[in-house]
There are 2 protein chains.
Amino acid sequence: MNQPKRYLDIVLDIRKMIQQENLRPGDRIPSERELAERLEVGRSTVREALRSLELLGLIETRRGEGTFLSDHRNHRLVEVLSTFILQDNQSQNDVRETRLIHELAALKAICRNDVSSRLLVWDSFRSRLAEGSSFHREDFVKEMMVLSGNRLSLKIWFLLQQYSGKPFDGVVTEDEKEMINRILTAIEQQQTDTAIKEYMAWCDLLQKGRMQNDDNS
Amino acid sequence: MNQPKRYLDIVLDIRKMIQQENLRPGDRIPSERELAERLEVGRSTVREALRSLELLGLIETRRGEGTFLSDHRNHRLVEVLSTFILQDNQSQNDVRETRLIHELAALKAICRNDVSSRLLVWDSFRSRLAEGSSFHREDFVKEMMVLSGNRLSLKIWFLLQQYSGKPFDGVVTEDEKEMINRILTAIEQQQTDTAIKEYMAWCDLLQKGRMQNDDNS
DNA sequence: AGGCATGAGTGGTCTGACCACATTCAAAAA
DNA sequence: TTTTTGAATGTGGTCAGACCACTCATGCCT
């Protein structure tokens, strides 16, 4: 009889602890020594669980300070991991496709919803487009995901976005501003199909730019 | 100066070792003690790396036997992350919505793809519809997700389906057979919008039946 | 030939000991 | 007084050694 691996229990225990104490990203979790004592296991076992979670990008450890819930801002570790898991093209393509699935669903949801509540946020981007100032692509897409109202979809999207290698890294160019303007217009007029079409056109543009970058490097 | 996170290097070293020695899924990798000696690190450090890979489903350990490579395509990344994503999401509505997002995306993908290769599978359901025999709802939807070709989406869907309380439990009724027939027809004729409309009608029917069940109990 | 005991090898776990680093705070210096 | 210094403390990172539980192969005994 193989008894279940202890470190797996620790993973679940830590998850439960996070839930019970309502810890949020950036918060500190108990030290390894304290966890070992509380859970009545050796420190090495606790470490095996923590290392696993760290490789997943769920926690972040800083020597001399402690262990913290990852605030989802560091994609570094995740990238190392994705080179391991997502080696084959099929997997990479799946991640990209699935991410797009959630984005388009969010777009649909926004177009279907009431306009009034979200007007303020879009106006923020609109004005930035008008006055020529710039913004990060990721901020725009993330706002879109938030406005969809589906928090689960937002969470899944955020992870996929991390694992697909900064697809929206950087600030928008002049050409893109034009496209985003059209997307916003379509959303405001609740023309779902147009919005989706324009959005996919934007994604294609980004994809091409990304491939050119890869060639250069 | 000192690069912390030695176990991360071990992860990469192991990956390199796998590539160099051309190890395939099922093969045995060196023991923890041998790895520690070869890589000139402590055994606990090796173990931290191995536990991380095990949590992801990249390797499999059997006490008394050794550590073996598992098929990288069966990685458990999604499962592990789900325990953290779904932990606080008590919003059953989000789960249902997100599941539907993936189902509709699969439906779209199937309609977009070439029909010929997957005709056999649909014919299986078709004939069962024709000859009056029945089948489980879940089998039908799962086949649909598989045929979408996106394995990641399939994995996410499977988890969501588990978390949303057996939405497709049971066998199809006579009324539903009619609807499924229309769905299949729309798919074969690659009429995406019709297929989606019919599918959502079916889902609505299931939802209503479920609510009635809840009232009875 | 078949069954059984033994030992070597392996992963699973714990302990204790260092190290490197960050923070804190009281003592020393300005 | 204010500023600087440095020792104390707590943290993660690593290592070595020791057991335990388990598997498997060897070879011995019946």
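The sequence lines fix the lettering, A, B, ..., with proteins before strands; numbering per chain opens at 1.
- For Arg62(B) and dT10(C), the shortest distance from a side-chain N or O to OP1 or OP2 is not below 4.0 Å.
- Counting to the nearest Å, the P atom of dG12(D) and the CD atom of Glu48(A) are 16 Å from each other.
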Distances for protein N or O near nucleotides 14-16 of chain C N or O, under 3.5 Å:
{"unit_1": "dC14(C)", "atom_1": "OP1", "unit_2": "Arg6(A)", "atom_2": "NH2", "d": "3.4"}
{"unit_1": "dC14(C)", "atom_1": "OP2", "unit_2": "Gly42(A)", "atom_2": "N", "d": "2.8"}
{"unit_1": "dC14(C)", "atom_1": "OP2", "unit_2": "Thr45(A)", "atom_2": "OG1", "d": "2.5"}
{"unit_1": "dC14(C)", "atom_1": "O5'", "unit_2": "Gly42(A)", "atom_2": "N", "d": "3.4"}

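- For dG12(D), one of the phosphate oxygens OP1 or OP2 lies less than 4.0 angstrom from a side-chain nitrogen or oxygen of Thr67(A).
- What separates CD of Glu37(B) from P of dC15(D) is a distance of 13 Å, to the nearest Å.
- Atom CG in Leu50(A) sits roughly 13 Å away from atom C1' in dT11(D) (whole-Å rounding).
- Arg137(B) forms no cation-pi arrangement with Phe140(B), by the criterion of a distance under 6.0 Å to the ring centre and an angle within 45° of the ring axis.
- Considering OG1 of Thr61(A) and CD of Glu54(A), their distance stands at 3.5 Å, rounded to 0.5 Å.
- Counting non-hydrogen atoms of neighbouring residues, nucleotides and ligands closer than 6.0 angstrom, the NZ atom of Lys177(A) exceeds 12 such neighbours.
- A close approach under 4.0 Å does occur between a side-chain nitrogen or oxygen of Arg51(A) and OP1 or OP2 of dG13(D).
- Taking a cutoff of 4.0 Å between a charged side-chain nitrogen and a carboxylate oxygen, Glu40(A) and Arg38(A) do not qualify as a salt bridge.
- Distance CD (Glu65(B)) to P (dT23(D)): 7 Å, rounded to an integer number of Å.
- Leu35(A) approaches Pro30(A) most closely through the heavy-atom pair CD1-O, 3.7 Å.
- For the pair Arg47(A) CZ and dG12(C) C1', the computed distance is 17 Å after rounding to whole Å.
- At a non-hydrogen distance threshold of 4.0 Å, Arg33(A) from residues 28-36 of chain A come into contact with DNA chain C.
- Asp94(A) places no side-chain N or O within 3.5 Å of a backbone atom of Asn150(B) that could act as its donor or acceptor partner.
- Under the 3.5 Å distance criterion, the side-chain polar atoms of Ser52(B) are matched with a main-chain donor or acceptor of Glu48(B).
- Rounding to the nearest 0.5 angstrom, the gap separating the CD1 atom in Ile101(B) from the CG atom in Leu152(A) is 8.5 Å.
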Can you give the donor-acceptor pairs under 3.5 Å from side chains of residues 22-29 of chain A to other protein atoms, not counting sequence neighbours?
{"unit_1": "Asp27(A)", "atom_1": "OD2", "unit_2": "Arg24(A)", "atom_2": "N", "d": "2.8"}
{"unit_1": "Arg28(A)", "atom_1": "NE", "unit_2": "Glu65(A)", "atom_2": "O", "d": "3.3"}

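- Whole-Å rounding puts the Arg63(A) CZ to dC19(C) P distance at 13 Å.
- For dG12(C), one of the phosphate oxygens OP1 or OP2 lies less than 4.0 angstrom from a side-chain nitrogen or oxygen of Thr61(B).
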